[in-house]
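First up is the structure itself, then whatever we jot down about it.
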Protein chains: 2
Amino acid sequence: MVTDHLPHTLRSDALDNRERILDAARALFSADGLDVPMREIARRAGVGPATLYRHFPTKQMLVAEAFADQLHACRAIVDEGCADPDPWRGLCLVIEKICELHARDRGFTEAFLSTLPGAPDVAGREYTVKTVAGLAQRAKDAGHLRPDFVLDDLILVLMANKGIHATSTATQVMASRRFAGLAIQAFEACPHHAPLPPAARLASAAPASA
Amino acid sequence: MVTDHLPHTLRSDALDNRERILDAARALFSADGLDVPMREIARRAGVGPATLYRHFPTKQMLVAEAFADQLHACRAIVDEGCADPDPWRGLCLVIEKICELHARDRGFTEAFLSTLPGAPDVAGREYTVKTVAGLAQRAKDAGHLRPDFVLDDLILVLMANKGIHATSTATQVMASRRFAGLAIQAFEACPHHAPLPPAARLASAAPASA
DNA sequence: ACCTAAGCGGACGGGGGCGTCCGTTACCGT
DNA sequence: ACGGTAACGGACGCCCCCGTCCGCTTAGGT
């Protein structure tokens, strides 16, 4: 489901290992973030380090493949939000779902926010961002989203959501849900909203820190 | 200014080194977070590793000393907020200032949120938290803070603020400022606020993850 | 000026992650 | 069944960090 355009023919055991590696990677990335040692992924997958490196020469490639599904989910969520006749409701839905997605998967957030070294784009990230921008504009026009909302505010919320950690996944998701609720509250147009400090550019030109 | 109750007499050069180590630690912690290698702190301070370990046997001790000032600043901010006759304005002030403080100092956030291993309390953290709870209650009673606000929401905001990263300190502070603005917006009592998802317990019993 | 002990820092052994090489295994086409 | 080769994985050398030991330096009292 991930990528069918493999280098044509791959031996059956190799393909099996590949899948097992991806499974292991997904599990570990989700639970512990992206800094798990490659070795550990290999160990969990039941293969040697060499095999892992053969299939995925760099961690970024592994990450990209491992989170392909999540990224599709992300796109799906955005598309679903855009499909909603009420753009504000659609936007809220996007915020909630995306926050939950990120809460459930620690590594994905890092990958999505390009905390990765060079970050040669984690696939459809750009598309997703742009599409949601349209949704936001419509919500704004409809008068439900505050006029001074900026797309970077969404990035801000995403980054912020990333900062939320808890001991268990359940708690994490709960916290993220509440956070999303607060964010929505902050974004909703309100007759007497204070002018809000200026936004900072975070989105585009940021290859991230570490 | 940090601690004058040193083990009675300390040789002048030793005391000098101690200060230089603390300066280096502050600089590095602020810029890069708490995971900078001890070696690097020593290098920057111009001392050998042994000297550093002699003065601060464990990283936690170093962290505790290094951030003593920040913690005092934190308390000062909270006290200032409490002193404000308008509790809501006081609370807003606290949120804004604390966010900025944390934005300017990457390591402090980690230290404050007990991302530290065992976290034997980073000094007056408890006090600070409890004091601000009182302030929040008053703001709530005054009808300016939403009634379903919980103290954990503040922790949430702090953790979230920690997630915000930027390339430069200036951008970081700007982003944090806007975030604080949004948070305040979310906290403000509003006639038609949606019921908000339930809060998660984050504050007390969390010795943190890693 | 001298002597003593407080203080210093280079050097060490241990541990862990990294990415790669190469002898061995086992898939698959004939 | 068998050969060739794709694929495997243990083992290697590298680097960085950790915390400590011990011979040397130097402050500071007399």
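Note that the structure is predicted; figures quoted are calculated from it, not measured. Chain letters run A, B, ... following the sequence lines, proteins first and then strands; every chain starts at 1.
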(request) Starting from P on D/dC17, measure out to CG on B/L34 and report it in whole angstrom. (result) 16 Å
(request) Would you kindly give the CD1-to-C1' distance between A/I21 and D/dC8, to the nearest whole Å? (result) 11 Å
(request) May I ask you to test the A/F56-A/V63 pair for a side-chain heavy-atom distance under 4.5 Å? (result) no
(message) Nearest whole Å is fine: how far is D/dC8 P from A/L10 CG?
(response) 8 Å
(request) If a protein heavy atom is under 4.0 Å from the base, mark B; if only from the sugar-phosphate, S; if neither, -; do that for nucleotides 21-26 of chain C going 5' to 3'. (result) B-----
(message) Check the phosphate of D/dA7 against A/T51, side-chain N and O only, distance under 4.0 Å to OP1 or OP2. Yes or no?
(response) no
(request) Can you tell me the distance, in whole Å, between the CG atom of B/N17 and the P atom of D/dA27? (result) 11 Å
(request) Take atom CG of B/D35 and atom P of C/dG16, then tell me their distance rounded to the nearest Å. (result) 18 Å
(request) Indicate yes or no: at least one non-hydrogen side-chain atom of B/C92 is less than 4.5 angstrom from one of B/E188. (result) no
(message) Using OP1 and OP2 only, check whether a side-chain N or O of B/H55 sits under 4.0 Å from C/dC8.
(response) yes
(message) Quick check: on DNA chain D, is the nucleotide nearest B/M38 upstream (toward 5') of the one nearest A/A14, or the reverse? Name the residue that is more 5'.
(response) A/A14
(request) Could you point out which residue of A/Q70, A/H102, A/K162 forms a side chain to side chain donor-acceptor pair (under 3.5 Å) with A/T109? (result) A/H102
(request) Tell me which residues in residues 39-47 of chain A put a heavy atom below 4.0 Å from DNA chain D, sorted by number, or none. (result) A/R39, A/G46, A/V47
(message) In whole Å, I'd like the distance from the OH atom of A/Y53 to the C1' atom of D/dC14.
(response) 13 Å
(request) Figure out the CG/C1' separation between B/L52 and C/dG10, and round it to whole Å. (result) 15 Å
(request) State whether B/R20 and B/D23 are salt-bridged, where the test is any N-O pair (Lys NZ or Arg NE/NH1/NH2 against Asp/Glu carboxylate O) under 4.0 Å. (result) no
(message) Counting C-beta onward and ignoring hydrogens, is there a side-chain heavy-atom pair between B/L145 and B/P87 closer than 4.5 Å?
(response) no
(request) Measure the shortest side-chain to side-chain distance between A/S30 and A/T169 over non-hydrogen atoms and say whether it is less than 4.5 angstrom. (result) no
(request) Give the rounded distance in Å between these two atoms: CG of B/D16 and P of D/dG28. (result) 11 Å
(request) Taking the side chain as every heavy atom from C-beta outward, state whether A/L154 and A/F149 have any pair of such atoms under 4.5 Å apart. (result) yes
(request) Tell me, with the steps shown, if B/I98 and B/N161 meet side-chain contact (heavy atoms from CB on, under 4.5 Å). (result) CA-CA 10 Å; B/I98 300 267; B/N161 187 55; over 6 Å; no
(request) Could you tell me whether B/E100 and B/R104 make a salt bridge, using a distance below 4.0 angstrom between a side-chain N and a carboxylate O? (result) yes
